[in-house]
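Naming: A, B, ... by sequence-line order, numbering from 1 per chain.
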2 protein chains.
Amino acid sequence: MSHEDFELAGFTPYLLNQAAEAQSLVFSKIYKDRYGMLRTEWRVLFHLGRYGEMTAKEISESAMIHKTKISRAVRDLEVKRFLAREVIETDRRVERLTLRPPGKDAFDYLVRAAADYEDRLAARLGSGEAQLLKRLLKKLG
Amino acid sequence: MSHEDFELAGFTPYLLNQAAEAQSLVFSKIYKDRYGMLRTEWRVLFHLGRYGEMTAKEISESAMIHKTKISRAVRDLEVKRFLAREVIETDRRVERLTLRPPGKDAFDYLVRAAADYEDRLAARLGSGEAQLLKRLLKKLG
DNA sequence: GCTTGTTAGTTACAAACTTAACTATCAACA
DNA sequence: TGTTGATAGTTAAGTTTGTAACTAACAAGC
């Protein structure tokens with residue numbers, strides 16, 4: 001490909017970023033406006049709601065998010081009374097994290113919103129193309 | 001979809017983010033390590049290299065990047081001697097931005113690297129799927 | 001028990017981004 | 001000419017992120 005022909009609009013990392021930003025804007029607006037949450041908080045909340053009690057390290061590894069971001073998200077979710085921490089007696093370095101009722105409510109609401117969002121996207125792209133897109137994205141992640 | 005079945009791994013905004021981060025990591029490492037540039041600087045450099053002289057506002061609109069980010073990127077590219085600014089006499093609020101030789105060299109190198117990157121990605125996905133992916137991403141951006 | 005090394009999580013500092021003023025210039029028009 | 005409003009670009013304040021230390025607790029070997 002010659003220099004003169006190269007366009008950002010045909011460069012995959014650029015297109016990925018544009019699409020990711022555009023799409024995450026739609027969904028992040030929901031947890032931001034309704035609960036004042038940041039993206040890492042949503043991911044932590046999701047893990048606890050979906051998989052039950054976990055430690056910060058387990059979430060960090062499962063979500064591939066650095067432990068300092070997890071630490072701050074846990075602190076902010078605790079301030080919101082969305083989760084409870086309890087030191088594990090057999091290893092006092094570790095905390096067991098669980099959702100409290102307000103956190104569970106938020107989780108329920110947001111999972112429903114996420115599923116709705118996904119449905120609308122599938123309707124917009126056609127379910128064949130939506131599945132195809134996800135398959136391709138998984139290859140790149 | 002029921003609550004228990006919902007997985008981040010099937011949520012398109014999540015997959016988009018993961019893929020975008022993973023891919024942009026590969027390419028951003030190049031302009032970061034070699035030239036100490038940030039993403040906005042790369043995009044500004046690209047616009048000037050690809051389209052010739054432009055004003056900050058024109059780049060801002062074309063790249064859909066906020067003017068404060070452009071302002072700082074231009075400042076940092078000027079410190080690197082990658083571009084020159086020249087006030088336009090007919091409207092002294094506006095600056096004409098042009099690449100200097102070191103900036104041109106960086107542009108040439110990075111465009112080549114980007115094209116190589118794109119080729120490798122196409123080889124990895126197969127050129128049919130790579131084209132398909134780009135088409136789908138454009139729909140979402 | 002006393003090192004030495006490792007691990008879970010937090011804190012501190014700097015870099016980067018967001019948003020909202022702000023400065024300088026221009027254009028329109030009374 | 002002088003006032004009013006718009007525009008290009010910068011600066012400033014607050015927020016979020018990234019990286020590197022740091023604390024507290026554990027584990028293994030002596």
In whole Å, what is the span from the [atom1] atom of [X] to the [atom2] atom of [N]?
| X | N | atom1 | atom2 | answer |
| --- | --- | --- | --- | --- |
| A:Arg75 | C:dT10 | CZ | P | 9 Å |
| A:Met54 | C:dG9 | CE | P | 11 Å |
| B:Ile65 | D:dA8 | CD1 | P | 17 Å |
| A:Asp91 | D:dT23 | CG | P | 20 Å |
| B:Glu95 | C:dC26 | CD | P | 13 Å |
| B:Lys57 | C:dT25 | NZ | C1' | 15 Å |
| A:Ile88 | C:dG9 | CD1 | P | 8 Å |
| A:Leu77 | C:dG9 | CG | P | 15 Å |

Under a 4.0 Å N-O cut-off, is there an ion pair linking [X] with [Y]?
| X | Y | result |
| --- | --- | --- |
| B:Arg92 | B:Glu89 | yes |
| A:Glu129 | A:Lys134 | no |
| A:Arg72 | A:Glu41 | no |

Phosphate contact (C:dG9 OP1 or OP2) by A:Ser71 side-chain N/O below 4.0 Å: no
Short side-chain N/O contact to D:dT10 OP1/OP2 from B:Arg85, under 4.0 Å: yes
Any side-chain donor near an acceptor of the partner, A:His66 and A:Ser60, under 3.5 Å: no
Nearest heavy-atom neighbours spanning B:Tyr117 and A:Pro13: CE2-CG, 3.4 Å
Protein-nucleotides 14-21 of chain C N/O pairs under 3.5 Å:
{"unit_1": "C:dT18", "atom_1": "O4", "unit_2": "B:Arg72", "atom_2": "NH2", "d": "3.1"}

NZ or CZ of B:Arg50 within 45° of A:Phe6 ring axis and under 6.0 Å: no
Given D:dT10, D:dA25, C:dT25, the nucleotide with the shortest approach to the side chain of A:Arg93: D:dA25
Side chain to side chain donor-acceptor pair (under 3.5 Å) between B:Glu118 and A:Thr12, worked out: CA-CA 7 Å; B:Glu118 195 68 19; A:Thr12 306; 2.5 Å; yes
Quiz item: B:Arg92 side-chain donor-acceptor pair to C:dT25 base, under 3.5 Å: no
